[in-house]
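Throughout, a chain's letter reflects where its sequence line sits, starting with A, and its residues are numbered from 1. Computed from a predicted model, the values in this text were never measured in an experiment.
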Amino acid sequence: MTSQDTPPYSPQTLESEVQRRWQEKQLFRAVGDASGEKFYCLSMFPYPSGQLHMGHVRNYSIGDAIARYQRMRGRQVLQPMGWDAFGLPAENAALKHGLAPAQWTLDNIAHMRGQLQRLGLSYDWSREFATCTPEYYRWEQWLFVRLWEKGLVYQKLSTVNWDPVDQTVLANEQVVDGRGWRSGAAVERREIRQWFLRITAYADELLSGLEHLAEGWPEQVLSMQRNWIGRSEGAEIRFPLATGEGVVKVFTTRPDTLLGATYLAIAPEHPLALAAARTQPELAAFLERCRHVAVSEATVETQEKEGYPTGITVRHPLTGQPLPVWVANFVLMGYGEGAVMSVPAHDQRDFEFARKYGLPIQVVVVPEGEEIPSGILEQAYTGSGRLVHSGIYDGLDNETAKARITAAVAAAGLGRKTVNYRLRDWGISRQRYWGTPIPMIHCPRCGAVPVPEKDLPVVLPTHYHLDNPRSPLLDDPEFHQVPCPQCGGGARRETDTMDTFVESSWYYARFTCPDAAAMLDERAARWLPVDQYIGGVEHAVLHLLYARFFNKLLRDVGLLPADGRHDEPFRRLLTQGMVLKDGGKMSKSKGNTVDPQGLIDRYGADTARLFILFAAPPEQHLEWSDAAVEGAYRFLHRVWRLVHEYGQTPPPLPATLSAEARDLRRLVHQCIDRVSSNMDGRYHFNAAIAAIMELNNALMKVPGEAQADLRAVLGEGLRSMALLLSPFAPHIAEALWQRLGQEGELSFAPWPNADPEALQSSTVTLVIQVNGKLRERLEVPADADAGSIEAVVLAYPPLQKHLAGLSVRKVVVVPGRLVNVVAQ
RNA sequence: GCCCAGGUGGCGAAAUCGGUAGACGCAAGGGACUUAAAAUCCCUCGGCUUUGGCCAUGCCGGUUCGAGUCCGGCCCUGGGCACCA
C-alpha cells in the first residue's frame with residue numbers, strides 16, 4: 001500500500017508480454033458460429049508504402065477501440081487486416097532502386113506487419129492476405145470473365161495523358177503543370193482502346209441504395225455520392241445539320257430555354273470538330289492546343305474558357321433558324337453527348353462565353369411579376385419564371401414549358417425526355433505492369449476472347465527489374481504470345497492491368513472466407529455486411545462507390561444472397577479526418593510526416609493510441625502536436641500508480657454508504673455512463689477519455705487511510721477504470737486488471753453498466769438568468785416542480801438587485817437546468 | 001470551376017435536445033518537496049474592467065425569453081473531382 005510497492009510503469013516490456021499472451025491464446029480469432037451476435041469491424045486496409053504513418057495509427061486505433069468495445073459487449077467480433085498491394089508506388093520504387101516491385105512490396109508488408117503488431121491491435125491475423133498474390137487476384141479475373149459474359153464489361157476509346165518522351169501513359173498525379181513528372185515533356189491527350197465496367201447500369205440502384213444507408217453513413221458522404229452519380233432529368237435534343245445530313249445530339253436539363261439557344265458548343269474531341277478541322281488549319285491548331293491539357297476534370301474546369309467557331313451550322317429544331325456550332329475547351333466528351341446547347345441568358349458559363357465571343361443573348365425566362373429586362377444583361381438568370389420570346393409558349397411557367405417543349409421536339413422526331421447521369425462507366429484499364437492482368441486475349445479472327453476458367457489465374461510474372469516506366473509485359477513475348485482459346489490461332493494476350501480500385505472493391509468480402517475455394521463461400525453471407533467500416537474521408541466517393549457497386553455484382557453473380565440484407569457492403573461508416581501537420585495533409589511529397597515508430601518506441605503503444613484518440617473526435621481533422629503526447633503518458637502513469645497503491649482486490653460494497661462514499665460512487669457511475677454513451681454510435685473517444693481522466697482525478701483525491709466504505713467504492717472505481725480504459729489502452733488495462741485480482745480475460749469481460757440508483761442526487765444547482773444573462777445560482781431539491789421553483793426563485797433575495805426597477809413579464813423554467821426571468 | 005466539410009482561449013478541444021461557453025488535456029506562470037535537478041503534488045490561467053459588470057464561439061444580418069447550436073448572405077482553410085491510394 002506504499003509507493004515502494006509500486007513497480008515502474010515500463011510500457012515496452014509490459015506491452016510485449018501482454019501481446020505474447022494474446023498471441024499464445026489466439027484470443028482474437030473470429031469464431032463466427034451461430035451462437036452469438038456477430039460484429040464485423042473493418043478498417044480500410046493500407047497500401048504497403050513501407051512505413052506506417054499517423055493516418056494509419058489513427059484509423060486502426062479507432063477501429064480497434066470499436067472492436068474491443070463490441071467484444072466486451074458480448075459480440076462475436078471479426079476484425080481482419082491485409083494489404084492493398086498493387087499500385088504505382090511499387091513501380092516507382094523499383095525504377096529508383098532497381099528492385100522488383102514484388103520484392104519491394106513484400107519487404108514493405110513484412111515491415112509494416114511488425115509495426116501494426118507492435119500497436120497491439122486485436123486483429124485475426126490468420127485471415128491476412130495481400131492483393132498482389134494470384135490466390136487473391138485470380139477471383140478478380142474470374143469475376144471479370146463472368147461480367148464479360150453478362151455484358152457488363154466492354155471496350156471503348158478513351159483519353160489518357162501521354163508522355164511523348166517516356167512513351168508512356170501518365171497518371172493524373174504524374175502530370176505537374178501540364179508536364180510529365182520525370183521527362184518534363186508537355187503531356188498530350190491520346191485516345192486508346194480500354195476496358196470498362198458498366199457501373200452506369202447500376203446507377204439507379206447505387207442512388208436509391210443511399211437511402212438505406214441514411215442511418216449509418218455520414219450525411220456528407222451520402223451527399224457527395226448523390227452528387228457524383230448526378231442523376232438529372234431533362235431532354236435529349238437533336239439539332240439537324242444545315243447541310244441536311246446528320247444531327248448534333250445534346251442533353252439539357254433546361255428544355256424550357258430551348259428558344260433561347262443561340263449556338264451549340266461541342267467538345268474538342270467531338271467527331272464533328274475533328275472532321276471540320278481537316279479543312280480548317282486554324283481550327284486544327286485550336287484543337288491541337290486543347291490536346292495539351294491534362295485529362296483531369298479539375299484541370300479542364302479551371303482553365304481559361306476558350307472556344308473556336310467550326311463554321312458548321314445547325315438548324316433550331318423548333319424554329320429552323322440557323323445556329324453556329326463552336327468548339328469549347330470546357331465541354332467534356334465523356335459527359336452526356338459531348339455537346340451542349342448554349343443559352344447565354346440563362347446559364348452563367350454560356351453567358352460569359354457569349355460575351356467573350358460576341359454571340360447573341362436571348363432572354364426567354366423572366367422571374368414571375370417582372371418585366372422583360374431592357375438593355376444589357378449583367379449576368380445569366382438561372383431561376384424559375386415565365387416564358388417570353390418563345391412564340392406559342394409565351395406566358396407559361398417554365399416547369400410546364402419543360403414538358404411542353406420536350407413534347408413538341410419529340411413530336412418533330414428531334415428529341416425525347418431522358419435521364420442523364422454524371423456518373424460514367426468505370427475505366428479499369430491501366431497501361432501498367434504492377435496490377436492484376438486483365439484475363440482477355442485478342443485474336444485477329446475471333447476478336448476479344450476471355451481466358452477459359454481452367455487457365456486462370458493469368459499470373460503476373462514477377463521477375464522483371466524495371467529500367468524504364470514502360471510496362472515490361474508489352475515486350476515479353478512469353479507473356480503476351482498465346483494461342484487463341486477459341487480458334488487456336490496466334491493471338492495476343494491483353495497487357496493492360498486492372499485499376500487497383502478493383503482489388504479494394506471486394507477485399508472486405510474475402511476476409512470472411514480468405515481460404516475459400518471459390519471467390520466467396522457461405523461464410524460471406526454470415527459475416528456481411530460489415531457492421532462498422534472506418535477510413536479516411538478522401539475515399540468518400542470513389543472507393544466507397546466502387547465497393548458498393550462490386551457488392552451488387554457479387555450478389556448478382558450469386559455469391560451473396562439476394563435477400564435485401566446484403567445489398568450494401570457497409571452498414572455503418574465512420575470517416576476519419578486527416579492527420580494534419582502545419583495545417584496541411586501529412587504526405588511524403590510535402591515532407592511534413594511524423595513517423596509513428598518513434599512515438600511508439602519512446603512511449604509505447606498505449607500512449608500512442610490514447611493520445612491519438614484523445615486529441616480530436618475521429619471525424620475531425622487532427623492537428624499533430626508532439627507536446628500533447630506527454631500528457632497521455634503522464635495520465636497512464638497516474639492510473640498505474642493509483643491502482644498499485646490501492647493494491648488489493650476490491651471488497652464488496654457495504655450495505656449502506658456514507659454521504660461521502662455515495663458522492664464518490666455517483667462520480668464513478670457518471671463516468672461509466674458518459675463513457676458508454678460516447679462509445680455507443682457516437683464514437684467520441686476524446687470525450688470518453690476525458691471522462692476517465694476526470695474519474696481518475698477524483699479517485700486520486702481519496703485519502704489512503706479512508707473509511708472502509710470509501711475504500712470499497714474506490715476499488716469499484718478502479719476496477720471500472722480498467723474496464724473503461726481497455727478499448728483505448730488495452731495493455732496497461734490488462735496489467736491493472738490483474739493487479740486488482742480480477743479473474744478472466746479482460747478482453748472479454750462484460751462492459752460495466754451505470755447503476756441508475758448511484759446516479760441519483762438529492763439536489764441540483766439551478767442557474768438563474770435575467771433576460772437571458774446569468775445572474776445567480778440556487779440549489780433546489782432535484783424533484784422540485786416548475787411552480788415551486790418559480791416561487792422560490794422570485795423570492796430569492798440576491799436576485800432582487802437585478803430586478804430593481806423592472807417588472808417581471810415572464811418566467812421560463814427548465815427543470816434541472818435553469819430559470820430565465822424576463823423583465824422590463 | 002464544381003461537389004463536400006471545418007472555423008470556439010496561447011494550442012488540441014468540450015458543450016446528445018436551442019438552456020451555466022471553454023469540461024479534459026497541452027503550453028505558460030507561481031508555489032511545495034529536493035543539497036540540486038528530474039519526477040511528483042498544489043494553485044492561477046479568454047479579453048477588458050471603475051470589481052457593479054461588460055465583451056467574447058470566423059464576419060454581417062435574422063428567428064427566439066435564450067443561439068457555438070437554427071435560418072440567410074459573405075470570408076478563410078481543408079478534402080474530392082474518375083489513372084495517387
Side-chain angles (χ1 to χ4, degrees), chain A residues 3 44 46-47 49 84 86-89 160-161 169-175 218-221 223-224 226-228 230 295-303 305 330 334 349 422-432 499-501 504 536-543 545-546 575 577-578 580 583-585 587 589 611 614-617 619-632 634-635 637-638 641 677-678 681-682 684 686-687 689-694 697 700 765-774 777 801 809-812 814 816-823:
Chain A
S3 53
M44 289 182 184
Y47 178 79
S49 59
D84 188 14
F86 273 136
L88 194 55
V160 293
N161 299 307
V169 173
L170 297 177
N172 283 332
E173 184 193 52
Q174 298 173 307
V175 179
E219 179 50 43
Q220 169 200 170
V221 175
S223 173
M224 279 195 260
R226 219 174 279 127
N227 291 330
W228 185 265
V295 295
S296 87
E297 187 177 317
T299 311
V300 172
E301 292 283 328
T302 50
Q303 69 184 329
K305 313 264 176 295
F330 55 84
R349 192 159 63 175
R422 209 187 76 93
L423 180 69
R424 311 197 291 261
D425 277 336
W426 178 10
I428 59 154
S429 280
R430 296 293 179 271
Q431 296 69 43
R432 299 252 170 73
D499 180 0
T500 56
F501 271 125
S504 55
V537 239
E538 63 273 25
H539 295 295
V541 176
L542 292 180
H543 162 62
L545 190 69
Y546 292 148
T575 50
M578 265 173 250
L580 306 180
K585 187 180 180 173
S587 71
S589 56
F611 161 70
F614 179 62
E619 67 277 8
Q620 240 171 77
H621 296 324
L622 189 156
E623 176 71 34
W624 182 256
S625 151
D626 291 307
V629 179
E630 286 281 351
R634 281 199 293 256
F635 166 68
H637 268 278
R638 283 196 295 271
R641 243 184 347 252
S677 69
N678 278 303
R682 254 161 58 99
H684 281 199
N686 56 331
I689 293 165
I692 301 173
M693 285 174 168
E694 278 182 73
N697 290 345
M700 280 202 306
T765 303
L766 287 186
V767 159
I768 305 177
Q769 297 180 334
V770 176
N771 292 330
K773 301 219 180 212
L774 173 70
R777 283 164 215 273
K801 62 175 183 282
R809 295 186 41 186
K810 188 176 170 186
V811 180
V812 181
V814 183
R817 284 202 174 264
L818 59 66
V819 177
N820 187 14
V821 181
V822 185

Discussion item. Counting only side-chain nitrogens and oxygens, does A:Arg430 get under 4.0 Å of the OP1 or OP2 atom of B:rC83?
Written reply: yes
Worksheet item: So what does A:Leu423 hit on the nucleic acid, given a heavy-atom distance under 4.0 Å: a base, only sugar-phosphate, or nothing?
Response: base
Worksheet item: What nucleic acid atoms does A:Val812 come within less than 4.0 Å of, heavy atoms only: base, sugar-phosphate, or nothing?
Response: base
Worksheet entry | From B:rU20, B:rU40, B:rA15, nucleotide with atom closest to A:Arg641 side chain | B:rU40
Practice prompt. Give a yes or no on whether a donor-acceptor pair under 3.5 Å exists between the nucleobase atoms of B:rU20, that is its base, and the side chain of A:Arg777.
Written response: yes
Item to complete: Describe the nucleic acid contact of A:Glu630 in one word from base, sugar-phosphate, nothing, applying a heavy-atom distance below 4.0 Å.
Response: nothing
Fill in: Selected nucleotide, minimal atom distance to A:Pro617 side chain, candidates B:rG19, B:rA13, B:rC84
B:rA13
Worksheet, complete the sentence: Per atom distances to the A:Glu538 side chain, the nearest of B:rU40, B:rG79, B:rA82 is B:rG79
Worksheet item: Is the phosphate of B:rA85, meaning OP1 or OP2, less than 4.0 Å from a side-chain N or O of A:Thr500?
Response: yes
Worksheet item: What about A:Gln174, does its side chain sit under 3.5 Å from the base of B:rC84 through a donor-acceptor pair?
Response: no
Worksheet item: Base, sugar-phosphate alone, or nothing: which one does A:Leu88 contact when heavy atoms must sit under 4.0 Å apart?
Response: sugar-phosphate
Worksheet item: Quick one: is A:Gln620 getting a side-chain N or O under 4.0 Å of the B:rA13 phosphate, OP1 or OP2?
Response: yes
Worksheet item: What nucleotide, of B:rG1, B:rA27, B:rC84, holds the atom closest to the side chain of A:Asn172?
Response: B:rC84
Discussion item. Under 4.0 Å from OP1 or OP2 of B:rG52: is there any side-chain N or O of A:Lys773 that close?
Written reply: no
Discussion item. Let's see if you can work this out: which of B:rC81, B:rA15, B:rG78 has an atom nearest to the side-chain heavy atoms of A:Ala298?
Written reply: B:rC81
Discussion item. Classify A:Asn820 by what it touches in the nucleic acid, base, sugar-phosphate, or nothing, heavy-atom distance under 4.0 Å.
Written reply: base
Practice prompt. Establish, with yes or no, whether the OP1 or OP2 oxygen of B:rC81 is under 4.0 angstrom from a side-chain nitrogen or oxygen of A:Ser296.
Written response: no
Practice prompt. Find the distance A:His539:NE2 to B:rA5:P and express it as a whole number of Å.
Written response: 19 Å
Fill in: For B:rG66, glycosidic torsion class - syn if within 90° of 0, otherwise anti
anti
Practice prompt. Could you check which of B:rC81, B:rA13, B:rA15 has an atom nearest any side-chain atom of A:Ala687?
Written response: B:rA15
Item to complete: Using a 4.0 Å heavy-atom cut-off across all strands, classify A:Gln303 as base, sugar-phosphate, or nothing.
Response: nothing
Worksheet item: Ignoring hydrogens and angles, does a donor from either the side chain of A:Arg809 or the base of B:rC65 sit under 3.5 Å from an acceptor on the other?
Response: no
Discussion item. Can you classify the ring geometry of A:Trp624 versus A:Phe611 as parallel (below 30°), tilted (30 to 60°) or perpendicular (above 60°)?
Written reply: perpendicular
Discussion item. By the 4.0 Å heavy-atom rule, please label A:Arg638 as base, sugar-phosphate, or nothing.
Written reply: sugar-phosphate
Worksheet item: Going by a 90° cut-off around 0, is B:rG29 syn or anti?
Response: anti
